[in-house]
Structures are given as structure tokens and as C-alpha cells.
Amino acid sequence: MNINSEKNSNGARKLLKPYNSAETEDRIYKLWEESGFFAPEAHPPWTDNPNKDKTFSMVLPPPNVTGVLHMGHALTIAIEDIMVRFHRMRGYKTLWIPGTDHAAIATQSRVETEIYKKEGKRRQDLGREELLRRIEEFAKQSHDTIVNQTKKMGASLDWSREAFTLDEKRSLAVRTAFKKMYDQGLIYRGQRVINWDPKGQTTISDDEIVYEERKTKFYTFRYSKDFPISIATTRPETKLGDTAVAVNPNDQRYKKYIGQEYDVDFVGVKLHIKIIADQSVDPEFGTGALGVTPAHSVIDSEIAQRHNLPMIQVINEYARMMVPNPLLKDKKVSEAREIIVETLRKEGLLEKEEEIIHNIALAERTGGVVEPLPKLQWFVNVNKPIKERKNKTLKDLMREPVENSEIEIIPDHFKKTYFHWIDNLRDWCISRQIWYGHRLPVYYCKQAGISNFQFPISKQNQKLKIKNFPPEADPPSAEKLECQPIISIEPIKKCPDCGNELEQDPDTLDTWFSSALWTFSTLGYPEKTKDLETFHPTSVLETGYEILFFWVARMIMMSGFFLGEIPFRTVYLHGTIRDSKGKKMSKSLGNAIDPLDMTAKYGTDAVRMSLVVGTAPGTDSKVDENKIKAYRHFANKIWNISRFVLLQKNAEHTRNDEIILTEEDKTLLDEFSSLAKDITKDIEEFRFYLAGEKIYHYVWHRFADIILEESKGIFAKGSAAEQNSRKWALFKILEDSLKILHPFMPFVTEEIWQLMGKTNLLMVEKWPEQAR
RNA sequence: GCGCUCUUAGCUCAGUUGGUUAGAGCGUUCCCCUCACACGGGAAAGGCCGCAGGUUCGAAUCCUACAGAGCGCACCA
């Protein structure tokens, strides 16, 4: 049954008007999927011996299993499917791998929120096992939705190779990777000041912070009356953890104090402050003297490390105070701030109070105010020379292939952003205190106790010791313990040293750790598979520029380390799709327009075309329903052009050598051929926005408006030879136009192709122009 | 503070390495339901391509300064 056409009295098919996308698309997708041509093993009928060197491979950036597809995904699919269909039609062995991302923090916090809303329960009430069960259930559902939506977009993905960042194969890849990096000293556990998200109750990496400008008070004050130097801060409550005041070594005002130590009583808390000199202090800023808070500032902790200062934690994981002063103990930081300022004011210690605009750090996923805290966490060392990689560091491995253009980034100016990011990169904190995700493959002997290991043991790690209120014993070092922790790819239960039970580290890995392996974990790593050999490095990585650091950089890093090769040759970065007000429309924000609503209304082809045409790489774009509508009109135009051409009898089956073309028709075919060449080059060089516009313009304003109109005259008055020539030319141009349009608008073109009575799928027809 | 991008028709945006009358979609005006298509056809209006210099035979396109918008990173004592 096909409501797009009917058989007339002669038995010939007649295309009905207008084109009905809703009726067509699912049927056509099924046809493609069942043909097997989404997989690289099935090559087009016209290439009986696909050249092994001519492969085209790509991974789909795995959507998060947090919900539904948004316009950004639709754009990704549209652009990537254009590339994939184009290469398939040119005879490349073409592979495009689908998958989904478990998106640890995003997914867990989403499910937790839902459970809390419905049942009033928190994660602790459910327990690890039950919460994970609930999350997995949600993820499964979400996954199915996403897969269906992806298919609706017409994506010619090889579903037989579908992967999930948290499935068994990918988990093995992650554990293997972790161990290998640990063994090479690239992963370590250390006590450092990290970004703590009090709302999500987990650490986050530097890249997961977003900054927001807010008005804040900037206070200048002294710790006590007898302290000689004033300091300034926006966060007086952290000053309870000060252990030094740093000044610039060349600052004449403070030179005489350097090296002195003071005991002060600051708002009822006893502090021991040393005056130190450090180059990093800007004498122009504030009072030129900096109160050093090693426990609650990354910068200060680095100063503390240089000067061997003690670290005192005064704020806990719930962003509440942990100091002996009963007025402050357990107070929220904001409350503590007011109390402290009030006290300073009363005692005449507050010297200045001014309003400034200042960036506060928020956790990207939860919106919680990030609290720098000292914590024992796992890190990836980005500065350690790697022996088996010619003593290059992970930073080098990220930088070099882009620097020497082994990897091309489009648009090219993102290279600078990329290098800038690498220059400022610190060690990557990879452990998370959430339950959903890859649990660290680290096992501790229960007898030895789990919580205090820092390893590998180094002098640097030993130096930083926390002193808490109330003071606790110094953490034992792993050296002193008899049973060493074990990193193991396969789960183990008994301690090989003492035979006692082992306990697995409760933390999970940053989602991006598993995503970073994606180009090769999807191809079978750590196994040395044929896929890995054939399709890696992948040809292109197409994604949004906002995850250049999160994902692209880390894939380059991991691929460089584990395989010694680049993960992809070209990075194509698309812009962010915004709503009509120019606001970001994306994953967690909830203002996303469902692309499926648009495809239902206007057809997938129209949505794809509207997302691609006129959208330059790296540039944001707004969703405009009118534009989508316009391309629905275009789909219908193609439909009607086909109706007209198909009405011309006796031409369809005429062969090339049986026809004598008029000079005029030869010119028309030449013109088309040169356009095809042009468009081919545009697609090869990633100018999809231009290629789409060119074919659009030709088909409508040249082929339909001029050539077809002119043909009407020929069919009315021309000689039989002229008519035959023209009919043949029209068929030729129509067929080749359908081929060129196919990557952009796969459904309507395939539908017409099928209604023309073709035996093969348009999807695997030969591209009209083999340029070069 | 360091760096990046943008500023083109009323609106949203293209313009590939500098080259003839600067393009698309929507919108606007007029005419036409002409035998593929009104999800259509024909015609038209509308742009000193942010501002000021410079390079060039020639610049929306390259260089410099300025103005406005946005973004990234860092800082935020």
C-alpha cells in the first residue's frame, strides 16, 4: 500500500499530490534498514570489490540517556548522515557507529530528583543497589526513545555495532585503560583541593564549572588589632582556615614582616599566621597582601605547597562551617559570613567594604555553588613524561597532532582555543562520589582500612596533610600498611597479602573518561579486532564546539596514549542551536524544541535541510519554523518536478546510445555535470551549507523554473528528435539530481526513486560525479 | 587580564582562495487557480556589506584603529 501513488488504467504509476512525508518515512527507513546497507559489509551493487583503503568511518557523539533528542542532536545527525550517505554512494566502505552515553552525574541527579519528588526518598534511603536499579531502568527507557528518534531522523547508522558507554565491552575497555594508566603512573590518588559540588555531593572537574557574574561585597580587614597587615576578601568565612599571609617579595611596605609568625584570635578561633613572600602576589590588588587559605582555594593550596604551610579545613561537604567557635559551627557559609562581618565591624577591624562584580563558580549540572575543599581523590597526571611515548606528556599528545595538522579542526580558529585550554590545563580529577558509572577498579584490604591511602606514594603527596577541627591523627601512608591496594581489571575478593576480604573503592569515574575512549572502545578495544584495524583512526569527528575540551581533546589524548595514533583526521565543529530568543537550547535546560514535532509536521527532509543550509561550522543558529516550512515546500517541489518528468512517456527506458542529443541538451547536461562536480567538492571540503543551497537553487530555479518550462514548448512544437532528446535529458538530470539531493533529503528522493520502478536503492546508487 | 568570533535587505542568516549588476528563507507590493506543483507561477520594492583609514587595477572579502554584541580561558586575596 502506498498512498503516494496509484496505478492508472495503463498500469503505470502515477504520483499523487502533494508529497506525504508522514506516510513515507517509516516505510522507507525500514526498507533501508532491512537492506543491510547501513553496515560496511554490504557494499553497493556496482562495486563488487570495495577498495580496502577507501574507508569512511565515524562515531555518532553518543547522546546522553537523560531524556529525549533535541535540535542539537538533529543537527548532528543531519550533518553526519550527509557525510555518511555521500561516501557510501561513492563506494567507500562506510561505517557510522551509534551509541549512547550513561552521563553519570546528569542521569543520576535526574533520577534522584524524580524519586525525591514522587517518594520523598533520597539516595541513602534506597541504597546503592536499588538506586542503580532505578537508574538503569530509566536509562533503558530513555535509550529506546533516543534510538527511535534517531531512526526518525533518517540516520543510516550501523545498528549492529551499537554501543553504550556503560555496557560490558566498554566497561572492560575502561578498566583496562585505568589500570594501564595507573601502571604508567598517569593516574594517582592524592590529597588535593578539588571542586566540590555540595548540591550533587561529588567532586567535579575544572571543565564542569560554569561561572556566573554576581554582585558581592569585598571586605578589607585585619585578623585582630595587633596583626600588622590588612587583607581583603569576598569570603571572610574561609579566612578561619588561613595559615599565612603572602606578600610580594619586592613590596617595600611589607618587607620587614616577611618570616614573622603571629598567633591571633580571629572571631574566636585561634590562628597561627606566618608572613611569607611569594612572586604570585600582585602588590596592586587589594591591600597587596593575601590571606592564604590552603584548604579552600586551589591557588592558595599551591602557595601552601611551595612554602610548606599547614592546611586547615573549615568548611565541610555540606558547605557548613567546621570550626570550634559554637557561634559558627555548622552554620551555612553564607550565615557564617554575616556573623563574621558583624563581629569585625563591632571590634573595629573592618576597614573597608565595597561592592564588586565577581564570578562565582557553579556546578554545571546541578547549579550548586562550588566549594573548593581538600579531598583524597583520583587524578590523571597530564604533565608526566611517558616512556613508551617518547617521554611525551599527555598534554603533548593532545597538542602535537593538532599543531602539526595531522588533525584538522573546522573551523580552524578553534585551534587557538584548543591550545589555550591545554596551556592552562591542570591534572584531571576523575573520581566522582556518585553511584552511577564505572566504579573504580581499585580494591583495598578491609583490615588495612580504605580511606586514607594516597598512592603512588610521592613526596609531593606526603607534604600535604590536612588538619581538621578537631585535629585528627595524620593519615597513615600506604607504605606503613602491610597490604597494598590493588588495581585489577577483573573483580577480586580476597587480599593476596593477608587473605582477608577486599573492599572496592566506592567512587565512580567521570563520564568523560569512558567517552574519551569512544573511537576505539566502540571498535573492540582492548581486543585487537578487525574493526579496529580497518576503521581506526576514524575519518571525521563531528560534534558541537562546546564539548571541544570535554570530549574532543580527551579522545585525542587517550587515543594517543593507548594506540599511539590519532582518533580522527578531521574535527568538524557545529554551532549551538538556540531558541527563537537566542537562548541556548540544550540537554538539561528544558527549553528544547522537540525535533520530532517538526518532522511530524514538515517531514524529516525539511528539518534536515533547514538545519544544514546556511549554517556555517562553529556558528550558532536559531531554529526558525518558517525555514523548515520552506524546505517542506521544496520537498514537494521535487515531488512535482518528478511527476512532470515521469509524465513524459517513451523516454524512461531509452538508452544513452540510442538517442541523439541536441546541442542544447548537451549544454544542459554539461551544466549539470559541472554543478555536480562543484557540489562534490563542497561536500568533500565540508561546506554542506553551500552544497545544500546550490542543489536547492539549481533544482528549483534552474531545472524547474527554466528548463522544465522551456521543455513544455519543445513537447508542444518540437520535432520528434528534439522531443526525445529533451525527454532523455530531463530524466538524466532528474535522476542525478535525486542522487545529489539524497544525502540531504534521503526520504523524498528514495521514495521517488522507488516509484520510478528502480530495482536498487537510491541509497547505494553511484554518485553522479567522481570528482578528481 | 589573555584569546576568539560576530556586526551584510524589515527579520534570521549564507557569501569557499579579493574579480563582472551582493545571495537564501520568511516578510512586503502587484498580477496570475496557465494542461507538474497555490506547499505554485510571473514581476517588483528593499542593502554607501558597523565606523574610519590603508593595501590593491579591483575589497563585504586582506591589514590597522575604533565602536557595539557574544563566547572561551584565567583571575576573583
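Below, chain A is the first sequence line, B the second, and so on; all start at residue 1.
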Whole angstrom value for the distance that separates P of B/C4 from CG of A/Leu573: 17 Å
Distance test, side-chain N/O of A/Lys627 to OP1/OP2 of B/C26, below 4.0 Å: no
Residue met sooner reading RNA chain B from 5', once A/Asp620 and A/His420 are mapped to nucleotides: A/Asp620
Canonical and wobble pairing (Watson-Crick, G-U, under 3.5 Å) of RNA chain B, dot-bracket with |: (((((((..((((.....[...)))).(((((.......))))).....(.(((..]....))).))))))))....
Under 3.5 Å donor-acceptor, A/Asn248 side chain and A/Val281 backbone: yes
Closest listed nucleotide, where the reference is the side chain of A/Phe549 and the choices are B/C75, B/G72, B/A14: B/G72
CD-CZ distance between A/Glu353 and A/Phe218, expressed to the nearest 0.5 angstrom: 12.0 Å
Reading 5' to 3' through nucleotides 28-47 of chain B, protein heavy-atom contacts under 4.0 Å coded B for base, S for sugar-phosphate only, - for none: --------BBSBSSS-----
Nearest listed nucleotide, side chain of A/Asn626, among B/C76, B/U16, B/C26: B/C26
Upstream residue (5' side of RNA chain B) when A/Gly618 and A/Glu685 are each assigned their closest nucleotide: A/Gly618
Chi angles and distances behind the side chain to side chain donor-acceptor pair (under 3.5 Å) call for A/Tyr262, A/Gln260: CA-CA 7 Å; A/Tyr262 298 84; A/Gln260 297 196 21; 2.8 Å; yes
Minimum-distance nucleotide (side-chain atoms of A/Ala616 versus B/A24, B/A14, B/C76): B/A14
Between CD on residue A/Glu693 and CG on residue A/Asp682, distance to nearest 0.5 Å: 10.5 Å
Parallel, tilted or perpendicular: ring planes of A/Tyr698 versus A/Phe703, cut at 30 and 60 degrees: parallel
Greater than 12 external heavy atoms within 6.0 Å of A/Lys415's NZ: yes
Under 4.0 angstrom between A/Tyr689 side-chain N/O and B/C13 OP1 or OP2: no
